[in-house]
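Below, each value reflects all heavy atoms present in this structure, side chains not excepted, and no hydrogens, waters or symmetry copies. Note that the coordinates shown come from a computational prediction; the quantities given were computed from them, not determined experimentally. Proteins come first, then strands; the chains are lettered A, B, ... in the order of their sequence lines, and each starts at number 1.
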There are 2 protein chains.
Amino acid sequence: MDTGPAPTRIQARNRAAILEAALDVFSAQGFRGATVDGIAAAAGLSKPNLLYYFPSKEAIHDALLAGLLDLWLAPLRALDPHGDPLEELLAYVHRKLEMSRELPRESRLFANEILQGAPRIGQALEGELKALVDEKAAVIAGWVAQGRIAPLHPRHLIFSIWSLTQHYADFDVQNRAVLGDEDPFTHAPAFVDTLFRRLLTPPATG
Amino acid sequence: MDTGPAPTRIQARNRAAILEAALDVFSAQGFRGATVDGIAAAAGLSKPNLLYYFPSKEAIHDALLAGLLDLWLAPLRALDPHGDPLEELLAYVHRKLEMSRELPRESRLFANEILQGAPRIGQALEGELKALVDEKAAVIAGWVAQGRIAPLHPRHLIFSIWSLTQHYADFDVQNRAVLGDEDPFTHAPAFVDTLFRRLLTPPATG
DNA sequence: CGTGATCTTGACCGAATGGTCAAAGAATAA
DNA sequence: TTATTCTTTGACCATTCGGTCAAGATCACG
């Protein structure tokens, strides 16, 4: 795969600055709410200059989303079928929660896209995402069948992990409004740990 | 409180049609993505005619949000301090899940607003919402102190109920992509019931 | 240097968008 | 019927926005 001539130092710097600025703006304002002028200003460039590096507003957005899906699915990919079920799933939960704290803009960009009906990544959801979830759901179903975790619907378990962890990024404003001075992430790790531990721990036999 | 002259039959019909159409459009496209022309068309009116009933696009949006918060908080308000803790909380969860199925547009409108940083209802979040959550969190904390439900952080419990149930409305496209033919709402009620039952049931004493 | 490639920008364009207005068209009550 | 109010609309306006272009500035390299 030829990716063309090697990028200039200026190209590398400006492309990165544009994507960084675009992530800020798109995640905060949504695709329609964002303006090319706004992104350019945030990147410290003039609008025509920005359009010298990316052909259109949509191209910037696409570039962001393209890089995002892999990043987003990496924690689930890392779920090891041969590891300890409870540990593996809790590690997944914690990785996802950490991403909500460290990468809230990416989470909101993704949430915006889904909320609008996934017009740009619907294909990837039905392909790449579904395939990965199918694979990992089978792993979880196996654990359930072996009695190593409590019985539950594997895909809905994954949904619950997504919703709970991403909620801490996407609804951060609301969480902070409710908690007042308390930082949402102070107790979030312990809470999600407790929640999924109680959900997954198989009933004591004997 | 004088609300002015009684509305004409035509006024009642058209105002309702506008709000209905606006809910469709705003929830699907977001505030910036929605156009006055689009809302007018969906309501079966011309743009100037729509603007005869509402002074601006923002006014329509505000009218929707104003009515929404009360609707949204009603299930939590209904949580009875004197009822059975587990039953009360599970009933709350089920009511919220039902709202995600029956009122997905309202859920997405709300999610859009929060995602954008709650520019229009931030005040209400820090006032009305916080007050209600404070009140109900105290109730839950009381139940915990009495050992009637398993120990957990009351506000994060509420967050988890919100996130899990609203996820079924806000991320519906993603859920359907993952599940293929299976309707997300087929197994959702049983799943959330199981989840919160295991989370809340106090450990057997003895 | 100088020369060609890369980078930047002010000025501009067409389309979309929120909103206005005057005047025409119903509905309504006397 | 008529006078009055309520409703609807075509035409229009100012602004914003995505995007173009030609010309100038800067850089890399022989």
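Stacking of B:Arg120 on the aromatic ring of B:Phe31 is recorded, both the 6.0 Å distance cut-off and the 45° axial limit being met.
Within the 3.5 Å criterion, the main-chain N or O of B:Ile121 finds a donor-acceptor partner in the side chain of B:Glu113. A:Glu88 places no side-chain N or O within donor-acceptor distance of the main-chain N or O of A:Leu79, the cut-off being under 3.5 Å. Not a single donor-acceptor pair under 3.5 Å links the side chain of B:Lys136 to the backbone N or O of B:Ile158.
If you take CG of A:Asn14 and C1' of D:dT26, they are 13 Å apart, rounded to a whole angstrom. Rounded to an integer number of Å, the gap from CD of A:Gln29 to P of D:dT16 is 15 Å. If you take CD1 of A:Ile60 and P of D:dC17, they are 15 Å apart, rounded to a whole angstrom.
Scored by the side-chain hydrogen bond (donor to acceptor under 3.5 Å, both in side chains) test, B:Arg155 finds B:Asp134 as partners (sequence neighbours excluded).
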For nucleotides 9-28 of chain C, just jot down a letter per nucleotide in 5' to 3' order: B, S or -, based on protein non-hydrogen atoms under 4.0 Å.
-> BBB-----SBBBB-------

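Heavy-atom contacts from other residues, nucleotides or ligands closer than 6.0 Å to CD of A:Gln123 number 12 or fewer.
At its two ends the helix from C:dC1-D:dG30 to C:dA30-D:dT1 runs along axes set 10° apart, each axis drawn from five pairs and the angle rounded to 10°.
A salt bridge between B:Arg77 and B:Glu128 is present, with a side-chain N of the basic residue lying under 4.0 Å from a carboxylate O of the acidic one. Ion pairing between B:Asp170 and B:Arg108 fails under the 4.0 Å rule for side-chain N and carboxylate O.
Residue contacts for B:Tyr53: at a heavy-atom cut-off of 4.0 Å it reaches the sugar-phosphate backbone alone, with no base atom in range.
An OP1 or OP2 oxygen of C:dT6 is reached within less than 4.0 angstrom by no side-chain nitrogen or oxygen of A:Gln11.
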